[in-house]
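Since we're looking at a predicted model, the values are computed, not measured.
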Amino acid sequence: MEFILLLIGAGVAYFLYVTLQDYLKNPLHQDIVPQKQDFGFTQIESISEEERAQNKIRESEYGILSAILGIFARSDGKMCEFERVLVEDMIEEMARDSKNSKITKEALLDIYEHGDDRSLEQLCMDFDNATKGEYKKRLKVVEFLFVLAYADGEFDKNEEAMLIDIAAFFELDNEDFNKLYDEFSTLYSNNIEMTKQEAMQLLGVEDTYDAQTLQNAYKKAIKEAKGAILDTQHFNKSMLESNAPNLRRIKRAYEILNQDT
């Protein structure tokens, strides 16, 4: 009996030995080093705090509006001094009105001058979303754009088409837009008669004024006449009631006096 058990044990041992040899010869026994799999993710490059801050400014309500102003101001391919001063003062107002201390005049001017990757339509839609519940603010912005459009005395076709698009993207009522369109058209259809004495009185300069004095007085008068566009207290008051007519008279006064400098 013991001999039989010994034979069985030897047979089992031999079987295990043969099986082990086969296993060792099989390449599948080798350790498999897991390959790094590409799941389509790309490494996100880190951006600086400065770049992050700049992006936030661009995405802000007034960052978006600065980009819109830049596109609109250049739509007719030209910009007069009157228009330049209006835009600069508007950007100063936005910087003052913003609750973010990093939204400075310089930062907004940079956006205005260098533009944005977004289309006008996307910018307007973003501004519309940023001013939900502030319909009168969007209406006020369009009113200011009318002032810019007429700044050089001519309502260019490109400006007209762009204004119509902006009003639509801002979701303005047709009645409100058409009212602005007709009233500005009426205002600028008449010539302004003004004497040199009246022009000097309007700009607050003496007979001895020089070019620099006139320029300074002109800029000051524009800023004062423009007023606060974004002030909620003035949202119910149209620029056509006083601002736009006064601005037009200031521009005419400067044209008269500038001939003698």
Side-chain angles (χ1 to χ4, degrees), residues 62 65-66 68-98 103-114 140-156 159 183-231 233-234 237-261:
Y62 291 146
L65 183 53
S66 296
I68 293 172
L69 288 176
I71 294 174
F72 185 79
R74 289 185 286 272
S75 63
D76 61 352
K78 55 187 176 181
M79 178 175 287
C80 63
E81 180 66 16
F82 184 53
E83 191 172 2
R84 189 176 293 107
V85 176
L86 283 171
V87 168
E88 181 179 336
D89 192 65
M90 182 65 163
I91 288 177
E92 283 183 359
E93 182 184 348
M94 288 191 284
R96 289 194 307 268
D97 189 65
S98 175
I103 298 181
T104 62
K105 174 186 174 183
E106 291 72 24
L108 295 178
L109 275 174
D110 183 69
I111 296 172
Y112 166 79
E113 292 171 356
H114 298 100
K140 205 71 175 179
V141 168
V142 169
E143 192 175 25
F144 177 70
L145 293 179
F146 267 107
V147 175
L148 287 184
Y150 279 99
D152 58 2
E154 180 184 359
F155 192 23
D156 184 82
E159 292 173 322
E183 289 180 345
F184 270 96
S185 178
T186 300
L187 174 64
Y188 282 87
S189 63
N190 302 317
N191 295 324
I192 296 177
E193 299 295 334
M194 184 182 297
T195 65
K196 182 176 179 180
Q197 192 63 36
E198 289 172 334
M200 287 191 297
Q201 184 176 359
L202 181 60
L203 294 184
V205 296
E206 303 293 337
D207 288 330
T208 55
Y209 71 87
D210 56 18
Q212 188 60 55
T213 301
L214 177 61
Q215 187 75 6
N216 293 339
Y218 180 50
K219 289 183 178 180
K220 180 181 177 181
I222 292 173
K223 290 174 180 287
E224 290 177 351
K226 169 187 160 290
I229 305 298
L230 303 171
D231 188 343
Q233 295 180 350
H234 297 158
K237 182 180 179 182
S238 171
M239 291 186 71
L240 286 156
E241 294 178 23
S242 59
N243 306 67
N246 287 343
L247 286 167
R248 190 170 180 233
R249 285 177 57 80
I250 289 167
K251 182 174 184 293
R252 180 60 184 144
Y254 176 76
E255 290 171 344
I256 293 171
L257 299 180
N258 193 45
Q259 296 174 355
D260 297 333
T261 60

- Are there more than 12 heavy atoms of other residues, nucleotides or ligands under 6.0 Å from atom CD of Q233? no

- Indicate yes or no: does K196 engage D260 in a salt bridge with an N to O separation below 4.0 Å. yes

- Please answer whether the main-chain N or O of A151 pairs with a side-chain N or O of Y188 as donor and acceptor at a distance below 3.5 Å. no

- Message: Go through it in stages, so that I can follow the logic: the residues are V141 and I229, the test is side-chain contact (heavy atoms from CB on, under 4.5 Å), and I'd like the CA-CA distance, side-chain angles, deciding distance and then a yes or no.
- Response: CA-CA 8 Å; V141 168; I229 305 298; 5.7 Å; no

- Message: Please check: side-chain N/O of E224 versus main-chain N/O of A221, any donor-acceptor pairing under 3.5 Å?
- Response: no

- What residues, two or more places apart in sequence or in another chain, satisfy ring-ring contact (aromatic ring centres under 6.0 Å, His included) together with F72? none

- Pair K226 + E93: basic N to acidic O under 4.0 Å: yes

- Kindly indicate, with the supporting measurements, whether the criterion side-chain contact (heavy atoms from CB on, under 4.5 Å) is fulfilled by H234 and M239. CA-CA 9 Å; H234 297 158; M239 291 186 71; over 6 Å; no

- Query: Do you know the tightest heavy-atom contact between R249 and M194?
  - Reply: O-CE, 3.6 Å

- Item | Distance (rounded to the nearest 0.5 Å) between D97 CG and M90 CE | 9.5 Å

- Message: Going by the rule side chain to side chain contact (heavy atoms under 4.5 Å, CB included), which residues pair with E255 if we only count those two or more places apart in sequence or in a different chain?
- Response: K251, R252

- Message: Tell me whether S66 contacts the main-chain N or O of Y62 through its side chain, where contact means a donor paired with an acceptor under 3.5 Å.
- Response: yes

- Task: For T213, enumerate each residue passing the side chain to side chain donor-acceptor pair (under 3.5 Å) test, keeping only those at least two apart in sequence or located in another chain.
- Result: D210

- Task: Side-chain contact test, heavy atoms from C-beta onward, threshold under 4.5 Å: evaluate it for L86 versus L247 and give yes or no.
- Result: yes

- Message: Using a 3.5 Å distance criterion without hydrogens, assess whether the side chain of D89 forms a donor-acceptor pair with backbone atoms of V85.
- Response: no

- Query: Do any N or O atoms from the side chain of N246 and from the backbone of A225 form a donor-acceptor pair under 3.5 angstrom?
  - Reply: no

- Item | Heavy-atom pair of closest approach, residues A73 and D76 | O-OD1, 3.5 Å

- Query: Could you give the distance from CG (N258) to OH (Y209), rounded to the nearest 0.5 Å?
  - Reply: 8.0 Å

- Item | Non-hydrogen side-chain atoms of L109 and T104 separated by less than 4.5 Å | no

- Item | Heavy-atom check, side chain of M94 versus side chain of L69, under 4.5 Å | yes

- Task: Without swapping roles, check the side chain of R248 against the backbone of I192 for a donor-acceptor pair under 3.5 Å.
- Result: no

- L187 side chain near P245 side chain, heavy-atom distance below 4.5 Å: yes

- Please list, chain by chain and in numerical order, all residues satisfying ring-ring contact (aromatic ring centres under 6.0 Å, His included) with F184, sequence neighbours excluded. F146

- Item | Within residues 140-154 or reaching into it, pairs that qualify as side chain to side chain donor-acceptor pair (under 3.5 Å) - sequence neighbours excluded | E143-S238

Using a 3.5 Å cut-off and no angle test, enumerate the donor-acceptor pairs between side-chain atoms of residues 197-206 and protein atoms at least two apart in sequence or in another chain.
from, atom 1, to, atom 2, distance (Å)
E198, OE1, T195, N, 2.9
E198, OE1, T195, OG1, 3.4

- Is any NZ, NE, NH1 or NH2 atom of the basic residue among E88 and K105 found under 4.0 Å from an Asp or Glu carboxylate oxygen of the other? yes

- Any side-chain donor-acceptor pair under 3.5 Å between Y254 and Q215? yes

